[in-house]
Structures are given as C-alpha cells and as structure tokens.
Amino acid sequence: MNIVVSTLNAKYIHTCLALRCLKAYAEPEFAVEMAEYTIKDPILNIVTDLYTRNPDVIGFSCYIWNIEETIKVVKLLKKIRPEVKIILGGPEVTYDVSQWLDRIPDADFIAIGEGEETFTQLLREIEGEGNYENVSGVAFRRDGEKVINPQRNKIDLKEMPSPFRFEEDRSELSKRVVYIETSRGCPFSCQFCLSSIEVGVRYFDREKVKDDIRFLMQNGAKTIKFVDRTFNISRSYAMEMFQFLIDEHLPGTVFQFEITADIMRPEVIQFLNDNAPKGLFRFEIGVQSTNDAVNELVMRKQNFQKLTRTVTMVKDGGKIDQHLDLIAGLPDEDYASFKNTFNDVFALRPEELQLGFLKMLRGTGLRLRADQHDYVYMDHSPYEILRNNVLSFEDVIRIKQVEDILEKYWNDHRVDHTIEFLVKHVYETPFDFFQGFGTYWDEQGWSRIGHQLEDLFKRLDEYLLTEGFSDHHIISGFMKLDYLQKQKFKPRKPWWNDLTDKPIRSHYYRQISADASVMGEAFVAEELSEKELYKHTLLEILPFDYEVYKETGDIISKPSLLLVFFDQRENRTKLYSKPLSSFTVPVLN
C-alpha cells in the first residue's frame, strides 16, 4: 500500500510538522512518503506530482491558509484516480465535521483532533477489514450516511517518536524553517483562539526534545521555531530550555518562541540579558488589545503594565528581537479603541508589529457567539471579519490602510529615523501618521502597482509635501539618512532631486583628502586613499547636527556634512559626520 501525506504550505521556506509526526508514528508499520507544496503552486502541477507517486492513500493536513486550494487538489485527484483513499486532517477540518463531509464529498475520511494514532489505526483498517466504526476520531460515509466517531483520548506525548530523523529532510534543514513542539495545549481561554478548546498543557519528554534539537543543529538547521502556544507557562521548564539552548547552540542558529509577556518574571529576562548571545532568541508576543473591557469579553487575561515591563526590559537588553501582535475587530473594540491599542503598543517600539484582523475560526467561542456582536465575516477561509456592531466595513478598510504602511515602512525598517521623528515631533500620535499616509497611498492607486525601494521614499516624500509641514527640510534630511544607511553600495542615483551640487561636494572632498582628521579619528583609521574616497563614499549635507542627534536624540538645526562610506572590505555602511562649521566655506564662481 503506497501512502502519501501531503500539505500546501504558505511559503516554500515553511515545513509541516504534522506530516512528520504522522509519518514517525505510522512507521515502521507503514512506509509513508511526504509531499509538500505551496499554495502558490499550480493545482495541476500538484495533482500531477501526486499522481506520479502512484498512491493508494493520501492524507492532507488542512489549515485556514490552504483549505481552499486543498479542496481543488482533492477534487481533481478523484477525477483522475477515483480509487485513491483521501484522508483530511488538521485544525481546519476538526470542527464542523458534518459540514465538511457535505462540502468535500471526494474526501473519504476526516481525522478529528490529534491525528497520529487515528491515522495509523485508519491505515490498518484500509489495508484490512475496513471496520472504520472501530477507529476513534474519524468521520466517513457508510452507505451514504455520515458516521462521526468520537475523538480518542489524548496521546501520551512522552512516548511519541521523533519526527526529525528522516533522511529526506537532512539536505533541506538549512534552507527551511524547522517547527518543533515541546508541549501541546494552552492554559488560557481566549475565545478567538483554537488553543482555548483543549484543556490543559501536556509536555513531550525533555531529554528527547533536547536530543532532537542537537540533531537538527548538527544537520544544518538555522531557524528553529517552537510552536508551543505559551512557551513560558512553566518558569522552571522555560529556564531549563533557555539554559540548554544558550549552552549548546551552534553559531548562526536562531530560536523563536511564542511567549506570554505579562507572566514573565524580571529575573528570567535579566538572565537572558546577561547570558543569551545577541540574535539567538526571538520572541513573539500576542498583545491583541490593550482595552481591558475588550479582553474581558474574550476571556483573555492580560496585565499590560507587566507586559510593558517585559517588552521594555527585553528591548533594553539588546539581545532579543520582539514581534508583537495586534488583532483588529475584537468585540467592542471600535476604531477609536483600536487606535489607542495601536498607539499603546507602538510606544514600545517592537522590532515588528503585526496588525492582523480577527478571524472567526471554526470551533472557537467567538464564532459560536458571533450574533451577539453582529459579526459579518467571510464564508470561506480565512473567515476574516468584515464588520460588527461597533466597527464598520469602512473602519476595517481604514485599518487595512494602516496595516499596509506598517508592513512596508516600519516592519521592513526602511525609514526608522524618519518615522521616529514624525511620530515624536510632527504627528499627534503614531497611528495618525500611518493612517494619513495609508489613506493617501490608497487614493493614489499605489496599492495596485509595484514599487522599488526608491519609489517608497519618493511616495513618502510626496505625501509629506501635501501635509505642508514647516520642517519638511528636517524630515527630508532624515529620509536621506535612512536611505543611505541601508545601501550596501554607492547608489548611482539617489531618490531625491536636490542633490548637493558637484562643485560643493568637490570642495569638501578636497578638504577631507588633504586632512582626514577633519572627519574625526575614527575616519582617519579607515586610511582611505584618494581613489577610495571618491569611489566608495558619498557626501550629503543634512539640515541638523547628526553627531548630536546620534548621541542624544536631540535635533539641532545646525547643518552638518554627512560622509557615507560603503565599506566593501567589511561589507557594511559607515556614517561619519561633522558640523559644516568645521570646514571652510566654498567659494563658487
């Protein structure tokens, strides 16, 4: 019996842990082949590849991001190979099972809940007598009637075989994100989340987990993401794992966790700040809302003051990047309330701020009580909300405009200095900037066309000019600074038109070439020849004192000369600056 387990990942770089758990549990009793694709792959290409594997049984792992494409694959497969047994499993089909049996008649079975033992037992019956009524946690049709067997008891995770030792995975470990779980379940009851349905937290065997991590690192894994819903729910467990990873990590490896920030003790953060190498860990923190009344409605317990303490301590430590999540569309979170939430969280300056929209996931308490808040949402995955009783569709559109600019400009860190100046000195709140620019971006039709890096700067400059700010020259200076700082090589043509005139640049170059100390001792140490100076540096005049800004954050309207050195030896860009008053004034004919 040829058995294939398959899924459509969101991106090529992703891997599906579920397939590997199914394969590990079913072997050696059954030989299982894995086949991963992406939602961007043409459906016919996926079907063709699966067909050539000559399967008798195919199991698909289904999620909100791939269910629609998976249905198309299943339908086409059944047309060309009607005898193949198709099993669907995963969180997307675990709930509303009867509806899925109606909607996907080409699926022979649906595995409900934890799938490892169910899948293996089902394979035995497919190969044997076909007594599917004996398989707990499976749904199917018998003589046209739907049969939905009750879910089985939870698996003992400590007895689970490793899903990471397959030879076919080794060559890909360095190129993909590796997902690992050390626990299942969540202690919290957030009504928008599937994890709230499973009661309690169960752990895998710690020593087996450590052995798996050692194996993954030794075989080239670079990005290992823990999918535990709350990695730090047990402080002693988290500390043990943090210590292990600090002690035994290999250079270049990054570990990513989902943590609950408001329960993290200061001494744990201090331990990480003192002992973790920079860049080894990355935290994902779900904030969702800072409105206590909103959180109470979705049974979410959160102390934003303690969360702020954690995020601030981690940021001050400078060792760990943080990704914070918000959800727009929660019950009673209107536009004004969400604006406050956004501003509260942006004030923490996370390295990434993810603005998502509420998805009414099957099986969640919020979906079951959707009528209480007049929710209107998409009929098909991802079930994203369109409006509710306090948030209109127009409000949703406006917040999506904010999300677009947030992704393009903040999360990609293209204009950090500029945004910092704008939200501190120009706009009343950060949200006002992102909303204003997002609305303008939409009105110009830029969402429908592509853009290069230079376009992003030009479009921001165009928008800011329409605002008529008196200190636009300062803003423009910061934009030039951001642009040049991100360049690896000397740009042939920067985005701005008011370049410093060539005779003026030549005047300052001659002074620097004659006496490098005018740019400071650190620049003298570069020991640039005259040829290197002209070839690998760029001069620009900023309308503020960059040295003072860099040291204190203060903005003094005192022009300074910025020398940008694109260092090819160290493959990085260096900035040197001195007030214009340090140089002789150019005399032009």
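It should be emphasised that the depicted structure is a prediction, and the values quoted were computed from it without experimental measurement.
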If you look at every heavy atom in [X] and [Y], which pair is closest and at what distance?
X	Y	result
Leu358	Gly329	CD2-O, 3.3 Å
Pro55	Tyr51	CD-O, 4.0 Å
Thr94	Ala111	OG1-O, 4.1 Å
Leu391	Ile385	CD2-CD1, 4.4 Å
Glu181	Cys21	OE2-SG, 4.0 Å
Pro91	Leu194	CB-CD1, 3.8 Å

Hey, are [X] and [Y] close enough for a salt bridge, meaning a charged N less than 4.0 Å from a carboxylate O?
X	Y	value
Glu69	Lys72	no
Glu333	Arg300	no
Arg202	Asp156	no
Glu83	Arg81	yes
Arg214	Asp211	yes
Arg459	Glu443	no

Q: Check the pair Asn66 / Thr7 against side-chain hydrogen bond (donor to acceptor under 3.5 Å, both in side chains), numbers first and verdict last.
A: CA-CA 8 Å; Asn66 71 11; Thr7 198; 3.2 Å; yes
Please check if the number of heavy atoms outside [X] that lie under 6.0 Å from its [atom1] is greater than 12.
X	atom1	value
Lys75	NZ	no
Glu168	CD	yes
Asp371	CG	no
Glu296	CD	no
Arg387	CZ	no
Lys158	NZ	yes
Lys78	NZ	yes

Quick one: does [X]'s side chain get under 4.5 Å of [Y]'s, heavy atoms only?
X	Y	answer
Tyr375	Pro331	yes
Glu351	His413	yes
Tyr63	Leu8	no
Arg398	Asp395	yes
Phe188	Ile233	yes
Glu407	Leu355	no
Ile327	Lys359	no
Val57	Met1	yes

Please check if any side-chain donor atom of [X] sits under 3.5 Å from a side-chain acceptor atom of [Y], or the reverse.
X	Y	answer
Arg369	Gln191	yes
Gln302	Asp262	no
Asp334	Ser337	no
His323	Asp321	no
Arg229	Ser195	yes
Asp442	Ser447	yes
Gln435	Thr439	yes

Q) Under the ring pair (Phe, Tyr, Trp, His ring centres under 6.0 Å) criterion, do Tyr25 and Phe119 qualify, and how do the steps go? A) CA-CA 9 Å; Tyr25 200 90; Phe119 179 67; 9.7 Å; no
**Q.** Partners passing ring-ring contact (aromatic ring centres under 6.0 Å, His included) against Phe283 (at least two apart in sequence or in another chain)
**A.**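 Per chain and number, Phe283 pairs via ring-ring contact (aromatic ring centres under 6.0 Å, His included) with no residue.
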(Q) Quick test of your reading: applying salt bridge (Lys or Arg N to Asp or Glu O under 4.0 Å), list the pairs with at least one residue in residues 136-149, sequence neighbours left out, ordered by first then second residue. (A)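 Found Asp102-Lys146, Glu133-Arg142.
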Are the side chain of [X] and the backbone N or O of [Y] linked by a donor-acceptor pair below 3.5 Å?
X	Y	answer
Asn295	Thr290	no
Thr38	Tyr12	no
Gln322	Val311	yes
Thr364	Phe192	no

Q) Stepwise, does the side chain to side chain contact (heavy atoms under 4.5 Å, CB included) test hold for Ile112 with Ile148? A) CA-CA 9 Å; Ile112 306 167; Ile148 303 176; 3.8 Å; yes
Q) Under the side chain to side chain contact (heavy atoms under 4.5 Å, CB included) criterion, do Phe30 and Lys23 qualify, and how do the steps go? A) CA-CA 8 Å; Phe30 296 100; Lys23 177 179 170 69; over 6 Å; no
Q: Could you check Phe242, Tyr237, Tyr179 and say which one makes a ring pair (Phe, Tyr, Trp, His ring centres under 6.0 Å) with Phe257?
A: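 So, applying the ring pair (Phe, Tyr, Trp, His ring centres under 6.0 Å) to Phe257 and each of Phe242, Tyr237, Tyr179, only Phe242 qualifies.
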Centroid-centroid under 6.0 Å between [X] and [Y] rings:
X	Y	value
Tyr335	Phe431	yes
Phe164	Phe215	no
Trp410	Phe346	yes

Q. Would Tyr377 and Phe357 satisfy ring pair (Phe, Tyr, Trp, His ring centres under 6.0 Å), going step by step from the backbone distance to the final call?
A. CA-CA 11 Å; Tyr377 55 93; Phe357 291 81; over 10 Å; no
Q: Using the side chain to side chain contact (heavy atoms under 4.5 Å, CB included) rule, take Arg282 and Glu352 through it: C-alpha gap first, then chi angles, then the decisive distance, then the call.
A: CA-CA 11 Å; Arg282 189 171 187 267; Glu352 285 187 23; 2.7 Å; yes
